[in-house]
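First the structure, in the form of structure tokens, and then the observations on it.
Just so we're on the same page: letters track the sequence lines, and every chain starts at 1. All values below come from the heavy atoms of this structure, side chains included, with hydrogens, waters and symmetry mates left out. Bear in mind that the values here come from a model prediction, so they are computed numbers and not experimental data.
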Amino acid sequence: DGGITQSPKYLFRKEGQNVTLSCEQNLNHDAMYWYRQDPGQGLRLIYYSQIVNDFQKGDIAEGYSVSREKKESFPLTVTSAQKNPTAFYLCASSMALWATDTQYFGPGTRLTVL
Amino acid sequence: GNSVTQMEGPVTLSEEAFLTINCTYTATGYPSLFWYVQYPGEGLQLLLKATKADDKGSNKGFEATYRKETTSFHLEKGSVQVSDSAVYFCAFQDNAGNNRKLIWGLGTSLAVNP
């Protein structure tokens with residue numbers, strides 16, 4: 001079955017540590033996205049990638065980094081520079097950039113900083 | 001600036017009750033409008049959409065009509081089920097310009113009791 005997988009489902013991190021969230025898709029989609037979801041808030045765009053080896057900052061990129069070395073993978077690193085990293089992180093992909101008709105979301109990773 | 005205002009939750013209904021979740025938007029141009037649903041522990045799924053004024057999106061018994069005159073896209077369902085318990089997000093995509101990222105509402109939590 002085609003889809004998006006995110007791992008791990010729950011992640012705990014000590015303050016000052018970097019942590020990497022995995023996102024993999026087997027839908028052959030060119031575009032991929034990372035969103036952050038906080039309680040009582042809408043989704044906020046962290047980074048997005050239109051194609052392999054290309055990515056752009058979203059609205060809240062500070063303290064985060066990404067890479068897009070393979071079409072199917074778009075890992076997100078939460079660095080120690082991120083002031084308030086505890087949140088639910090959602091990865092998404094679509095056939096082309098901003099193509100909502102083909103957009104799929106992963107199940108999410110809940111990050112807690114201890 | 002562009003924004004979405006969505007009815008605050010949580011909304012609690014009995015099974016077979018009528019559901020309305022209000023959504024209004026502020027946008028330049030003529031956006032496409034969406035409702036997404038997030039079931040417990042899962043990522044978001046596109047529920048329905050409308051791309052021009054007076055369009056009605058529908059899916060799984062849910063409906064929403066694109067009202068340009070009131071800049072609204074209210075979600076309705078005539079008879080809710082326990083399985084409809086989820087968080088519902090209103091969103092729009094500005095079709096003017098190159099940046100067509102989604103603008104999200106804060107989400108409305110719905111709990112349906114048997």
Transitive ILVMFWY side-chain link [X] to [Y], under 4.5 Å:
X: A:Leu43; Y: A:Tyr64; result: no
X: A:Ile46; Y: A:Phe88; result: no
X: B:Met7; Y: B:Leu75; result: yes
X: A:Tyr35; Y: A:Ile60; result: no
X: A:Ile4; Y: A:Trp34; result: no

Measure distances from [X] to the heavy atoms of chain B and classify the residue's part below 4.5 Å as side chain, backbone, both or neither.
X: A:Tyr48; answer: neither
X: A:Leu45; answer: side chain
X: A:Tyr33; answer: neither

Notebook entry, point to check: Hey, what do you get for CG (B:Leu33) to OG1 (A:Thr100), rounding to the nearest 0.5 Å?
Noted result: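 Taking CG in B:Leu33 and OG1 in A:Thr100, the distance rounds to 11.0 Å.
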
Exceeds 12 heavy-atom contacts within 6.0 angstrom, atom [atom1] of [X]:
X: A:Tyr10; atom1: OH; result: no
X: B:Glu16; atom1: CD; result: no
X: A:Gln17; atom1: CD; result: yes

Notebook entry, point to check: Hey, does A:Gln103 have a side-chain heavy atom less than 4.5 Å from the side chain of B:Leu102?
Noted result: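 Counting from C-beta outward, B:Leu102 and A:Gln103 do come under 4.5 Å.
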
Next item on the list: With chain A as the partner chain, list the residues of residues 85-93 of chain B whose heavy atoms fall under 4.5 Å from it, by residue number, and write 'none' if nothing qualifies.
Entry: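 Answer by number: B:Phe89, B:Gln93.
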
Note to self: Heavy atom to heavy atom, less than 4.5 Å: which residues from residues 36-54 of chain B reach chain A?
What the structure shows: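 Hits under 4.5 Å: B:Tyr36, B:Gln38, B:Gly41, B:Glu42, B:Gly43, B:Leu44, B:Leu46, B:Lys49.
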
